[in-house]
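Quick notes on the structure that follows.
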Number of protein chains: 2
Amino acid sequence: MRIGELATRTGVSVRSLRYYEEQGLLSSTRAASGQRHYTDHEVERVAFIQRLYAAGLSSRTIAEVLPCAESPSEENSDAALERMTQERDRLSAHIDDLVRTRDALDGLVAANRAHRATLVAASGQ
Amino acid sequence: MRIGELATRTGVSVRSLRYYEEQGLLSSTRAASGQRHYTDHEVERVAFIQRLYAAGLSSRTIAEVLPCAESPSEENSDAALERMTQERDRLSAHIDDLVRTRDALDGLVAANRAHRATLVAASGQ
DNA sequence: TTTGCCTCTGACATCCATGTGAGGTTTTAG
DNA sequence: CTAAAACCTCACATGGATGTCAGAGGCAAA
């Protein structure tokens, strides 16, 4: 498929797909005319890239980790594996932090609802 | 305390503290000379602002939600409460997404370790 | 008082993923 | 064949939080 289709199928802009390639996150075969062609496989790959971006990895870090994801067979140096583990731990810590923040928000929402209920009761008197 | 102390106590740069004030997230009393003064209370407040930033809220959204956090008593319009609930849900969805990503990373790490083990066994032969 | 550190405002710089537009070629549909 | 739509590269713009610098004033210890 060409880049436009990949874009619609992944929900990622054409601009971003080109950027991913520029950053070494995504590869394409080129037609004689210069147009990029992709296989279905790339759809998954783009989805995973998006997940990693959402997890707060920079394109640089993603580039470091992705080869490891594609083929566990290659010479994915210890460094890549270690980097992946490290990012995994960072992500885990971040998740914990977010959960605490969510709890805090829940507390605030509850407090406000409670206060609201009080007001209603008072006005009902 | 003055801004420098608040900065060291919260781990947030002086620049950012001024920025928070500019965005209406933080207030200070000013000395006659113009210098900002804060109470211990602001330490907590800055910490909470940081949590919200980390949770992906923009300063605009934080400004919308914070008054609600300070006093559940005020006229924290329905809008603010609704906004808070909405951000809470967004955050929750984001957490779920991150957890899935973490699981994916765990899978990759495991696969690579397994492959490595295979290599070691083979070389051991 | 002088010295050194802190603070003030204002403005410009940075990072990074993405948007946008120009100017040109390729593909596809009518 | 032609027009529309998709694609190419290059390059500049954007946004948001923060860094950084300049020039000026504030404050405390020696």
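Proteins come first, then strands; the chains are lettered A, B, ... in the order of their sequence lines, and each starts at number 1. For the numbers below, each heavy atom of this structure counts, side chains included, while hydrogens, waters and symmetry mates do not.
Between the CE atom of B:M1 and the P atom of C:dT7 there is a distance of 12 Å, rounded to whole Å. Whole-Å rounding puts the B:L17 CG to C:dT7 C1' distance at 13 Å. Atom CD in B:E22 sits roughly 14 Å away from atom C1' in C:dC8 (whole-Å rounding). When the P atom of D:dT18 is taken as reference, atom CG of B:L25 falls 10 Å away, rounded to whole Å.
OP1 and OP2 of C:dT18 both lie 4.0 Å or more from every side-chain N or O belonging to A:Y19. One finds no side-chain N or O of A:S16 lying less than 4.0 angstrom from the OP1 or OP2 phosphate oxygen of C:dA17.
A salt bridge links B:E87 and B:R90; the closest N-O separation between the charged side-chain nitrogens and carboxylate oxygens is under 4.0 Å. One finds no salt bridge joining A:E22 and A:R18 here, because no Lys/Arg side-chain nitrogen approaches an Asp/Glu carboxylate oxygen to under 4.0 Å. Between B:E64 and B:R60 there is no salt bridge, since no side-chain N of the basic residue sits under 4.0 Å from a carboxylate O of the acidic one.
A:F48 and A:Y53 have their aromatic ring centers separated by at least 6.0 angstrom.
Side chains of B:R2 and B:Q35: a donor on one and an acceptor on the other come within 3.5 Å. Judged purely by distance below 3.5 Å, without hydrogens or angles, the side chains of A:E42 and A:Y20 never pair a donor atom with an acceptor atom.
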- Note on the structure: Once base and sugar-phosphate atoms are separated, protein heavy atoms under 4.0 Å mark nucleotides 6-11 of chain D, 5' to 3', with B, S and - as -SBB-B
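The shortest side-chain heavy-atom distance between A:R36 and A:E21 falls under the 4.5 Å cut-off.
Screening B:L25, B:T39, B:L26, B:T10 against B:R45 for a side-chain contact (heavy atoms from CB on, under 4.5 Å) leaves a single residue, B:L26.
Within residues 49-58 of chain A, the residues having any heavy atom under 4.0 Å from DNA chain C are, by residue number, A:Y53, A:S58.
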